[in-house]
Amino acid sequence: MAQQRTGRAPAVTRRERAALVGLIAGRARRLEAERSLDELAGLAEAAGAEVVLRVLQERPKPDPSTFLGAGKIEMLAVSASETGVDVVIFDNELTPAQLRQIEEEVGRKIVDRTQLILDIFARRARTREGKLQVELAQLKYLLPRLVGAGDALSRLGGGIGTRGPGETKLETDRRRIRTRIHAISDDIEQVRKRRSQLRERRRKSSVPTVALVGYTNAGKTTLFNRLPRAEASNALFVTLDPLVRQVRLPDSRELLMSDTVGFIDRLPHALVAAFRATLEETSDAELVLHVIDAAAPDRDRRMNAVHQVLDEVGASDVALVEVYNKCDALTPDERRRLQELDPSALCISALEGQGIDELVETITSRLALDVRRVTLTFNPDDPAERERIARVYRHGRVISHETRDSRATIVADIPRRLLNRV
């Protein structure tokens with residue numbers, strides 16, 4: 001007898017309904033605040049929320065108790081109730097006192113910008129190292145908010161702001177958190193040492209490294225995947241751990257390309273500190289490619305945010321090439337204005353593959369700026385000499401190779417920093 005089907009549809013997880021709150025304070029302009037709120041909406045959606053309400057408040061400075069002021073908080077509570085809001089996300093970092101007071105007045109879960117970014121990083125972390133770095137940043141954020149936090153920091157369950165160490169807030173106290181921070185810091189220090197050893201080995205092998213940096217969702221990971229002809233990926237903060245791949249240039253030389261975590265305006269300092277082991281790949285690179293979303297309306301603000309983080313991690317002195325991505329979304333007039341603004345600008349589309357050849361040529365020329373043409377003679381019968389020949393082909397550009405009377409003569413362009421190795 002055949003089994004009867006129930007026809008019951010699988011359960012669908014309900015998305016949290018979110019309200020976004022921004023503040024126009026001091027000399028800030030409404031347009032900038034609206035764009036920042038648009039970015040916050042993208043972050044909220046990346047965290048799995050559905051934005052149903054937006055609130056912008058103008059005042060000379062944030063209220064020390066409720067951030068927005070008593071009257072606006074009452075209006076926010078009413079609007080949140082009418083629209084069925086589950087979580088209210090502020091586009092600023094709130095103090096512990098503000099967090100408690102607002103949650104008490106609004107009667108909804110309150111999350112600030114820093115906590116939202118940490119939550120997205122917790123979602124994206126896949127490796128043990130990435131999870132450790134996120135947990136360290138979360139614990140450093142949590143520590144000053146423990147005293148008198150009450151319900152605001154003792155929530156259990158699912159949703160934004162409750163992933164990672166947030167799930168055990170009821171059992172944690174300052175001493176245990178400090179102990180955990182110390183243990184994680186030791187683990188990350190071991191990671192940093194291991195990375196340093198790997199970089200030293202790469203340095204000894206004389207393989208140049210190119211680091212990709214950029215504002216989150218600028219398309220750098222798509223470009224990273226395009227160069228080795230791999231599958232593309234598109235998501236906010238998709239890269240938490242540095243990925244390193246070998247790329248072969250048209251002149252047969254090889255280089256290593258690393259993709260780092262996406263930057264963002266007002267990136268929490270706890271994250272910059274936690275991901276310093278990751279970002280050190282950038283400061284040790286021979287060349288940095290700054291991938292820019294050419295179609296972003298607030299492009300200059302995003303570029304400044306990236307430069308600020310590069311300064312923080314000590315990578316501001318590394319040679320840099322600015323690569324404007326998503327140029328396929330620009331009109332001909334916009335592309336012309338961009339070229340007039342920055343004549344050296346590279347305009348590409350990583351998704352469509354436009355301008356990739358020109359980018360590779362630029363990388364080749366920038367890495368080969370300091371070269372010297374030399375004539376080298378080898379004995380091909382000697383294993384050590386054969387290894388030197390391989391090194392010339394790997395790191396130089398061979399012009400000619402002749403073998404006569406058991407001697408090999410090679411004319412090649414070799415980077416000056418590698419002459420003593422070949």
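Hydrogens, waters and symmetry mates are skipped; everything else that's a heavy atom, side chains included, is used. All of these numbers come straight from a predicted model, not from anything done at the bench.
Using a 4.5 Å heavy-atom threshold, the side chains of Pro297 and Arg35 count as touching. Using a 4.5 Å heavy-atom threshold, the side chains of Val398 and Val392 count as touching. Contact check for Val288 versus Val321: no side-chain heavy atoms found under the 4.5 Å cut-off. Between Gln354 and Asp328, the closest side-chain pair of non-hydrogen atoms falls below 4.5 Å. At a threshold of 4.5 Å between non-hydrogen side-chain atoms, the residues Ile89 and Asp112 do not count as touching. His307 places none of its side-chain heavy atoms less than 4.5 Å from the side chain of Ser316. Inter-residue side-chain proximity for Val213 and Val291 is flagged as unmet; no heavy-atom pair is nearer than 4.5 Å. Using a 4.5 Å heavy-atom cutoff, the side chains of Leu116 and Phe90 are not in contact.
In this structure, the separation between CD1 on Ile24 and CG on Asp91 is 11.0 Å, given to the nearest 0.5 Å. In this structure, Glu93 CD and Ile117 CD1 are separated by 9.5 Å, a value rounded to the nearest 0.5 Å. Atom CD of Gln308 is separated from atom CG of Asn304 by 8.5 Å, given to the nearest 0.5 angstrom. Here Cys347 contributes atom SG and Glu358 contributes atom CD; the two are 9.0 Å apart, rounded to the nearest 0.5 Å. Atom CG of residue Leu351 and atom CG of residue Leu223 lie 11.5 Å apart, to the nearest 0.5 angstrom. Going from atom CG of Leu94 over to atom CD of Gln115 covers 9.0 Å, rounded to the nearest 0.5 Å.
Between the side chains of Thr66 and Asp63, at least one donor-acceptor pair of N or O atoms lies under 3.5 Å.
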Output, in order, the C-alpha distance, side-chain angles, deciding distance and verdict of salt bridge (charged side-chain N to carboxylate O under 4.0 Å, His left out) for Arg302 and Asp298.
-> CA-CA 7 Å; Arg302 298 183 177 204; Asp298 55 347; 3.1 Å; yes

Give the C-alpha distance, both sets of side-chain angles, the deciding distance and a yes or no for side-chain contact (heavy atoms from CB on, under 4.5 Å) between Asn217 and Asp293.
-> CA-CA 8 Å; Asn217 220 27; Asp293 184 349; over 6 Å; no

Step-by-step side-chain contact (heavy atoms from CB on, under 4.5 Å) determination, Glu135 to Arg180 | CA-CA 9 Å; Glu135 186 180 356; Arg180 180 63 182 154; 3.0 Å; yes

Step-by-step side-chain contact (heavy atoms from CB on, under 4.5 Å) determination, Tyr324 to Ile348 | CA-CA 6 Å; Tyr324 290 84; Ile348 71 164; over 6 Å; no

Show the numbers, then the answer: is there a side-chain contact (heavy atoms from CB on, under 4.5 Å) between Ile410 and Ile389?
-> CA-CA 9 Å; Ile410 298 177; Ile389 293 173; 3.9 Å; yes

Could you give me the CA-CA distance, side-chain angles and deciding distance for Arg30 and Glu34, then say whether salt bridge (charged side-chain N to carboxylate O under 4.0 Å, His left out) is met?
-> CA-CA 6 Å; Arg30 173 167 285 273; Glu34 288 175 348; 3.7 Å; yes

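Remark: the backbone N or O of Ile181 is paired with a side-chain donor or acceptor of Ser185 at under 3.5 angstrom. Counting only distance, with no hydrogens or angles, the side chain of Arg108 and the backbone of Val85 share a donor-acceptor pair below 3.5 Å. Judged by distance alone, the side chain of Arg226 and the main-chain N or O of Ala350 form a donor-acceptor pair under 3.5 Å. Judged purely by atom type and a 3.5 angstrom limit, Glu82 has no side-chain atom pairing as donor or acceptor with the backbone of Ser79.
Nearest heavy-atom pair across Leu330 and Ala295 is CD2-CA, 3.9 Å. Between Leu289 and Met257 the shortest heavy-atom distance is CD1-CE, 4.2 Å. Minimum heavy-atom separation, Leu143 to Ile177: CD1-CG2, 3.8 Å. The two atoms that bring Thr83 and Arg17 nearest to each other are O-NH2, 2.8 Å, heavy atoms only. Shortest non-hydrogen contact noted between Ala218 and Asn325 is O-ND2, 3.0 Å. A pairwise comparison of heavy atoms in His290 and Gly214 identifies CD2-CA, 4.1 Å as the closest pair.
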Return all side-chain donor-acceptor pairs below 3.5 angstrom for residues 37-56, not counting sequence neighbours, or 'none' if the list is empty.
| unit_1 | atom_1 | unit_2 | atom_2 | d |
| --- | --- | --- | --- | --- |
| Asp38 | OD1 | Arg54 | NH1 | 2.6 |
| Glu39 | OE1 | Arg113 | NH2 | 2.9 |
| Glu39 | OE1 | Tyr215 | OH | 3.0 |
| Glu39 | OE2 | Tyr215 | OH | 2.5 |
| Glu39 | OE2 | Arg301 | NH2 | 3.2 |

